[in-house]
Number of protein chains: 2
Amino acid sequence: METFPYVGGIVRQPVTIKDVAHYAGCGVASVSRVLNRSGPSSAGLRQRVLAAVDELGFEFSEVGRALQSNTTRTIGCVVPSLANPVYADAVQGAQEAFRMAGYQTLLVCTNYDPEIEMQAIRTLTAKQVDGFVLTVSDARASDGLKLIQSREIPHCLLFNMAPDGEYSWSVDDCSAAMAVSDAFAEKGHRHVGFLALKFKSSDRARQRYEGFVEGSFRNGMIKPALLEIEEDSQNLNDLIKEFLRTNPTMTGIFASNDFLALAAIRSIRSLGMNVPRDLSIVGFDGIEVGKMVEPSLATILTDPRMMGDGAAKTVLSIINGTPPTDTPDPTQSYSFRAGGSLAPVTAERADDEKVAAFSSSNNPTKKNAKSNWRDQNEI
Amino acid sequence: METFPYVGGIVRQPVTIKDVAHYAGCGVASVSRVLNRSGPSSAGLRQRVLAAVDELGFEFSEVGRALQSNTTRTIGCVVPSLANPVYADAVQGAQEAFRMAGYQTLLVCTNYDPEIEMQAIRTLTAKQVDGFVLTVSDARASDGLKLIQSREIPHCLLFNMAPDGEYSWSVDDCSAAMAVSDAFAEKGHRHVGFLALKFKSSDRARQRYEGFVEGSFRNGMIKPALLEIEEDSQNLNDLIKEFLRTNPTMTGIFASNDFLALAAIRSIRSLGMNVPRDLSIVGFDGIEVGKMVEPSLATILTDPRMMGDGAAKTVLSIINGTPPTDTPDPTQSYSFRAGGSLAPVTAERADDEKVAAFSSSNNPTKKNAKSNWRDQNEI
DNA sequence: CTTATTAGTGGAAACGTTTCCATATGTGGG
DNA sequence: CCCACATATGGAAACGTTTCCACTAATAAG
């Protein structure tokens, strides 16, 4: 671990419990007892102490307390980015729940970078946070998460589907993505692309893709083409152009989050195409502005704020030793929101399709069919 | 001050510097010196200590350090809400700057509530944050800000125009609002309303209003009607309906932030009116989605992320004792962004105007004229 | 009038770190 | 050979709090 020699640090917190004790003419233990109501004290003492506190303007140093009590009343909150309103809302919800319970929130944005994620968790651990609420890049392979587990620090995942034994507030990405597939199928689409951040920086994207692939299979559609992009891709236009060129039969794109979906719509327009006439778009998350754009964005509606609130309360429960009660049902925590960006496939483009779809046989053992098909072209 | 008896707290941080010292067969002082490179040490000692650290998996407790060094490497960040992307972006920018400098960020959202703001600042002070970046409800009357000042904690305001002697990253609300007035005037508008959160919860709103009033005066327009709403107003539709009824000559509304502007557009539509044909709308902030809605939102374009970054760097400078260098020029940090929501006033509505505008005399002493006019109907 | 029991109180240890100071051990110059 | 002097090292104090323990004084029970 990298450590620095300590520099700077200004003088503050001039009045300590000792000053109060001296001023009130008693011992520090008595002051502590009075202020914390943690033991017996005479009326006279109480009054003198309170007067001293008032006069001196005393406030406890949480640092001193933390050292002694091994409790910082601070929670670490790790998310990829606040630029995406999903995380901003979730953080707000969590922060508020924690604040109301007397806990403060240490926030870190990782920019989807596992390196930063690990470093952040290490630092927060050194600061002895009492718990974590976090969205990691990959819940099954996060070293940071492992560190938290090994230290047995109370924690709850957010937007990451829970590996076994983990608490988590998230939607069931897989089944939600299948619902999206159903929506496309219902409108007559047979080949829909999937647009997402690199899977290594977001296991949500991967799970949504897997669900979408599975859904496409069940609906007898063509296996979705995949376009993975970097978080900071500036050349989205080019990438999408190439994506469309490579997949001429594609009549729609499922974007792994609303942010991407809106960006995709802009790119598509700049290519001179029309949404939804030339290409349908569906997003994921249900951010507010999706309803205000034209056409409105079809998407999976979630409630990030409630998720943040729920995750926070779960962590608080763990801390208090009471088993978390209202754990969410991931399969219930989303719904499909229709929108103008998803339209029936137009005749011309539908005619284009040349690639064979799955045989819509009605009785194969799903599992077998699925794995066979998957093996076809999985990395 | 409210204090609680301490409860809970699990056992952690099992390995301390003492364990390392014992394992390495030396004193704790030596361990500290080696790890912090804060004094001489022999090669052999260094090696033994490093080996012990590795073997035991030792990490410093920041709590212990904080107590001793009077430095927490933690910054308090107080903003009204993350639901507004302006603050979300600013927080992200600040958090990143702090992280790169080795500081963590304690975040509090106040929901525009001065009560919560004060409580938050008190708590963060007790936690001995090394600095603050904050947006307060009223920079001139914030008790929290006064507390920070009296304790001489390094800090920088964000989005609050700086009272004298304060550091601040913000736009010049007043002059930006005047620019909005110019834009309205240029399109032939003579009576434009102002929509904002209650001034007591946002001095930005007040300053924008004042600038807008001044600009309206200079442009020879009618004094803007004012609609103040609560943060959590559910009945915006009714309020706006009433607002329009009371001010029949109004041809546009300047909303104190983009969030409000978008909400207003929705309300206006739900009243069966069209933007911008029946009413023009201009916002403030320049959030990204303003460009994606239809019609696009005319607004004041700002760069919240840069503001957050700048404020953070200012605080870091203060902490390091180097005078903050690149302090921003508030009058340069915004620009007007045209958009479809602001259109020339239509003939029919322009005819409507009955109320006398200011005489557009070309030579009155502006100041006098202004104050006279103000006195007319100021509260 | 003793003797348990209790309420009230303060001293001191402990939490994990840094840093001052004192003590060793060496080195070089007189 | 001795003295100054630097280099290594560890003990202990300090940071602000809580809490254990010992102690006093008062009250209740015998």
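So that the names make sense, note that chain A is the first sequence line, chain B the second, and so on, each numbered from 1.
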Does atom NZ of A:K146 have more than 12 heavy-atom neighbours, drawn from other residues, nucleotides or ligands, at distances under 6.0 Å?
yes

Let me see the working for A:V108 and B:Q95 under side-chain contact (heavy atoms from CB on, under 4.5 Å), right down to the final yes or no.
CA-CA 7 Å; A:V108 179; B:Q95 186 271 332; 3.6 Å; yes

Rounding to a whole Å, what distance do you find between [X]:[atom1] and [N]:[atom2]?
X     : N      : atom1 : atom2 : answer
B:N70 : D:dT17 : CG    : P     : 12 Å
A:N36 : D:dC20 : CG    : P     : 13 Å
B:L45 : C:dT25 : CG    : P     : 15 Å
B:R73 : C:dT18 : CZ    : P     : 12 Å
B:R37 : D:dA8  : CZ    : P     : 16 Å
B:F58 : C:dT17 : CZ    : C1'   : 8 Å
B:E59 : C:dT17 : CD    : P     : 11 Å
B:K18 : C:dA13 : NZ    : C1'   : 11 Å

For side-chain hydrogen bond (donor to acceptor under 3.5 Å, both in side chains), just list the numbers for A:S142 and A:D138, CA-CA rounded to whole Å, side-chain angles, deciding distance to a tenth of an Å, and then say yes or no.
CA-CA 6 Å; A:S142 166; A:D138 184 346; over 6 Å; no

Strictly below 4.0 Å: does B:S30 bring a side-chain N or O up to OP1 or OP2 of D:dT9?
no

Check: protein-nucleotides 21-23 of chain C nitrogen or oxygen pairs below 3.5 Å:
none

Would you say the side-chain atoms of A:R33 and A:S30 include a donor-acceptor pair closer than 3.5 Å?
yes

Regarding A:D309 and A:K313, does a basic nitrogen lie under 4.0 Å from an acidic carboxylate oxygen?
yes

Taking A:E59 first and then B:R122, would you say they form a salt bridge - that is, a charged N and a carboxylate O separated by under 4.0 Å?
yes

Has the side chain of A:D130 got a donor or acceptor atom that lies under 3.5 Å from a matching backbone atom of A:R73?
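Confirmed, A:D130 side chain pairs with A:R73 backbone.
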
Shortest side-chain distance from [X], nucleotide among [options]:
X     : options                : answer
A:A29 : D:dT17, C:dT18, C:dG10 : C:dG10
A:Q68 : C:dT17, D:dG16, C:dT9  : D:dG16
B:T16 : D:dA8, C:dG16, D:dT18  : C:dG16
B:I17 : D:dT17, C:dT17, D:dG16 : C:dT17
B:S42 : C:dT17, D:dG11, D:dA8  : D:dA8
A:V28 : C:dA12, C:dT17, C:dT19 : C:dA12

Any heavy-atom pair between the side chains of A:L157 and A:F132 that's under 4.5 Å?
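Side chain of A:F132 against side chain of A:L157, heavy atoms only: no contact under 4.5 Å found.
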
Looking across every strand, which nucleic acid part, if any, lies under 4.0 Å from B:S32 by heavy atom: base, sugar-phosphate, or nothing?
base

Please evaluate residues A:L158 and A:S170 with respect to the criterion side-chain contact (heavy atoms from CB on, under 4.5 Å), reporting the C-alpha separation (whole Å), side-chain torsions for both, the decisive distance (0.1 Å), and the verdict.
CA-CA 6 Å; A:L158 189 59; A:S170 101; over 6 Å; no

Quick one, B:I318 with B:Y167, criterion side-chain contact (heavy atoms from CB on, under 4.5 Å). Give me CA distance, side-chain angles, the key distance, then yes/no.
CA-CA 10 Å; B:I318 302 174; B:Y167 292 108; 3.4 Å; yes

Test side-chain hydrogen bond (donor to acceptor under 3.5 Å, both in side chains) on A:E166 and A:H155 and set out the steps.
CA-CA 8 Å; A:E166 290 288 301; A:H155 63 284; 2.8 Å; yes

Could you walk me through whether B:N70 and B:R65 pass side-chain hydrogen bond (donor to acceptor under 3.5 Å, both in side chains), step by step?
CA-CA 8 Å; B:N70 222 21; B:R65 280 187 149 179; over 6 Å; no

What parts of residues 19-27 of chain A reach DNA chain C, counting only heavy atoms under 4.0 Å away?
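Only A:G25, A:C26, A:G27 qualify.
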
So if I take the C1' atoms of five pairs at each end of the helix from C:dC1-D:dG30 to C:dG30-D:dC1 and get each local axis, what angle do the two axes make, rounded to 10 degrees?
60°

Do A:F58 and A:Y23 have ring centres separated by under 6.0 Å?
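Not close enough - the centres of the two rings lie 6.0 Å or further apart.
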
When you match B:P40 and B:L67 each to their closest nucleotide on DNA chain D, which lands nearer the 5' end?
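Nearest-nucleotide comparison on DNA chain D picks B:P40.
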
Here's a test of your reading of the structure: between A:R48 and B:V63, which maps to the more 5' nucleotide of DNA chain C?
A:R48

